[in-house]
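Presented below is the structure to which this report refers.
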Amino acid sequence: MLRDFLHLAYPHLCCACNKPLYKYEKLICTYCKYHLPKTNFHFEDDNPVIRQFWGKANVFSATAFYYFSKGGRVQQLLHNLKYNGKKEVGIEVGKMFGKELKESPLYNTVNCVIPVPLHLSKKKKRGYNQSDFIADGIAEGMGIPSEKEVLIRATATSTQTKKSAFERWLNVESIFKLKNENQISGKHILLVDDVITTGSTFESCAAALLSVPGTRVSIAAIAVAKK
């Protein structure tokens with residue numbers, strides 16, 4: 001009864017549309033779960049995300065779960081994850097995404113999930129890396145491990161916001177380093193982050209991972225802007 005009273009007094013809100021959740025709903029309302037704009041790119045070997053890497057990085061496949069639009073529900077969802085401390089959003093959305101990826105022939109050979117890392121100084125300032133929680137959720141949905149101690153960001157960089165595509169590439173060139181290379185040798189790795197824009201960060205991460213013999217790298221982001 002106390003829980004019900006508190007829910008009435010301080011209702012839990014959907015992290016995507018900001019409307020009150022029903023008691024059986026968690027983080028994202030049922031309407032948003034079924035109506036957030038999915039891309040379904042993970043079922044297409046030729047899609048707008050993979051094309052961003054043609055001639056730049058030898059990735060096996062690439063996708064994004066949702067379309068991102070300014071002021072839209074996906075932006076609100078990611079804002080809650082990244083800036084409002086709603087880490088569980090990353091896990092919840094990641095699980096949904098992971099279950100779909102597992103059904104795709106392009107991703108059903110993935111052995112492990114690796115998040116795009118933050119530099120320690122930035123992680124300390126924010127308190128967490130949102131991509132860690134996305135990776136955990138995707139890994140759970142796919143039934144495979146998440147590896148957070150393999151790839152590190154060795155150099156702190158300035159924010160990518162408002163940079164041109166070339167400036168973004170220069171900003172992240174060769175800043176990622178590997179630890180525990182034996183953990184990924186010969187594996188199909190899924191590299192994940194919250195949003196993909198120009199793909200420069202993913203490209204730099206993939207270059208580091210692909211330096212290990214026998215590795216294959218695929219890419220997955222929660223959102224991409226619709227073009």
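Because the structure is predicted, anything quoted here is derived from the model rather than measured.
Taking all atoms of both residues into account, the shortest heavy-atom contact from Gln52 to Gly199 is OE1-N, 3.8 Å. Considering all non-hydrogen atoms of both residues, Gly90 and Leu81 come closest at N-CD1, 3.6 Å.
Residues satisfying the side chain to side chain contact (heavy atoms under 4.5 Å, CB included) test with Lys99, not counting sequence neighbours, are none. The salt bridge (Lys or Arg N to Asp or Glu O under 4.0 Å) test applied to Lys82 returns Asp194, not counting sequence neighbours. Applying the side chain to side chain contact (heavy atoms under 4.5 Å, CB included) criterion to Leu178, with sequence neighbours excluded, gives Val150, Leu151, Glu181, Ile184, Ala208, Leu209, Ser211, Val212. Residues forming a side chain to side chain donor-acceptor pair (under 3.5 Å) with Asp45 (at least two apart in sequence, or on another chain): none. In terms of the side chain to side chain contact (heavy atoms under 4.5 Å, CB included) criterion, residue partners of Thr109 (sequence neighbours excluded) are, by chain and number, His188, Arg216. Contacts of Lys179 classified as side chain to side chain contact (heavy atoms under 4.5 Å, CB included), with partners at least two apart in sequence or in another chain: Glu149, Ile152. Take Lys19 and apply the salt bridge (Lys or Arg N to Asp or Glu O under 4.0 Å) test, not counting sequence neighbours, and it matches no residue. Annotation: salt bridge (Lys or Arg N to Asp or Glu O under 4.0 Å) contacts of Lys148 (sequence neighbours excluded): Asp136. For Glu25, the side chain to side chain donor-acceptor pair (under 3.5 Å) criterion is met by Thr30, not counting sequence neighbours.
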Which is it for Glu92 and Lys86 under the salt bridge (Lys or Arg N to Asp or Glu O under 4.0 Å) test, yes or no, and what are the steps along the way? CA-CA 10 Å; Glu92 186 70 13; Lys86 299 285 188 180; over 6 Å; no
List the steps and the verdict of ring pair (Phe, Tyr, Trp, His ring centres under 6.0 Å) for Phe60 and Tyr107. CA-CA 9 Å; Phe60 179 73; Tyr107 296 87; 7.9 Å; no
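For the salt bridge (Lys or Arg N to Asp or Glu O under 4.0 Å) condition, the pairs that include at least one residue of residues 47-61, sequence neighbours left out, are Asp46-Arg51. Among residue pairs with one or both ends in residues 82-106, those qualifying as ring-ring contact (aromatic ring centres under 6.0 Å, His included) are His42-Phe97, Phe65-Phe97, His79-Tyr83; sequence neighbours excluded. Residue pairs that meet the ring-ring contact (aromatic ring centres under 6.0 Å, His included) test with at least one member in residues 198-218, sequence neighbours left out, do not exist here.
A heavy-atom distance below 4.5 Å is found between the side chains of Gln130 and Asp193.
Heavy atoms of other residues, nucleotides or ligands lying less than 6.0 angstrom from CG of Asn180 number more than 12.
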